[in-house]
Amino acid sequence: RRVAILLSGGGSNMVALVRSMTGDHPSRPVLVVSNDPQAGGLAKARDLGIHTAAVDHRPFGRDRSAFESELQAALATEEPDLICLAGFMRILTPDFVAAWRGRMLNIHPSLLPLYPGLHTHARALANGDHEHGCTVHEVTEELDFGPILGQARVPVEQGDTPDSLAARVLVQEHRLYPEVLRRFVVGDRTPIHLSNFHSMT
Ligand code: GRF
């Protein structure tokens, strides 16, 4: 499978995905696209030898479909057949989602259906949750709510801040997303569940 990765920020999930697509893995990363030309993930992708593109969303203002037309044009240059959203912070229209139905994944830093949307770690702490984590799901029209393909859980520790909790979750994101991708590209949709207790060996 030809995988395109969309990001808005540092791209640590992109790095984990790219590093997983080696050897006998049936997929290859063909393009990394950002809505922010200054995104740190673009430089990391270039360092990894991956083609990159930037489609700045700001000139389009609230015209999401005009932005997405440019996004589709950038994607068409490498003809991916799967999109991984990885720290991509733009909401996609139902038209774009429909065009990629069944071929677009996203990672969200909470145990969906808990905490769709933003500031997930602060919300989990505010609720006094003892457990938190991340979810990889298929992207559908409803934000952060498609079929769940995998989750990873971490304990909330005494004294956690949103940043310390986010850092613990991020480690699991980098385990979960490559595992889900590996299964997804061979048609395995069985949801997987990881926890960071294994990695404490
Ligand atoms: C991560 O928490 C991810 O779950 C969220 O964006 C954050 C940064 O991701 N979507 P990355 O380092 O840019 O991959």
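Quick note: numbers below take in every heavy atom, side chains included, and nothing from hydrogens, waters or symmetry partners. The first residue of the sequence shown is numbered 1, and numbering continues consecutively from there. All ligand and atom numbering here is 1-based and tracks the order in the structure.
- Scanning both residues, His132 and Thr120, for their nearest heavy atoms gives CE1-O, 3.8 Å.
- For the pair Glu138 (side chain) and Met104 (backbone), a donor-acceptor distance under 3.5 Å is absent.
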Test log, rule ring pair (Phe, Tyr, Trp, His ring centres under 6.0 Å), inputs His108 and His137: CA-CA 8 Å; His108 179 77; His137 62 94; 7.1 Å; no

Distances under 3.5 Å, N/O of ligand 1 against N/O of the protein: list each pair and its distance.
{"residue": "ligand 1", "atom": "2 (O)", "partner": "Glu173", "partner atom": "OE2", "Å": "3.2"}
{"residue": "ligand 1", "atom": "4 (O)", "partner": "Glu173", "partner atom": "OE1", "Å": "2.7"}
{"residue": "ligand 1", "atom": "4 (O)", "partner": "Glu173", "partner atom": "OE2", "Å": "3.1"}
{"residue": "ligand 1", "atom": "12 (O)", "partner": "Ser12", "partner atom": "N", "Å": "3.0"}
{"residue": "ligand 1", "atom": "12 (O)", "partner": "Ser12", "partner atom": "OG", "Å": "2.6"}
{"residue": "ligand 1", "atom": "13 (O)", "partner": "Gly11", "partner atom": "N", "Å": "2.9"}
{"residue": "ligand 1", "atom": "14 (O)", "partner": "Ser12", "partner atom": "N", "Å": "3.2"}
{"residue": "ligand 1", "atom": "14 (O)", "partner": "Asn13", "partner atom": "N", "Å": "2.7"}
{"residue": "ligand 1", "atom": "14 (O)", "partner": "Asn13", "partner atom": "ND2", "Å": "3.1"}

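- Taking every heavy atom of both residues into account, Gly11 and Leu7 meet most closely at CA-CD2, 3.9 Å.
- Smallest separation of non-hydrogen atoms from Phe145 and Pro113: CZ-CB, 3.8 Å.
- Side-chain atoms of Ser8 and Asp36 form no donor-acceptor pair, as typed in the model, at a separation below 3.5 Å.
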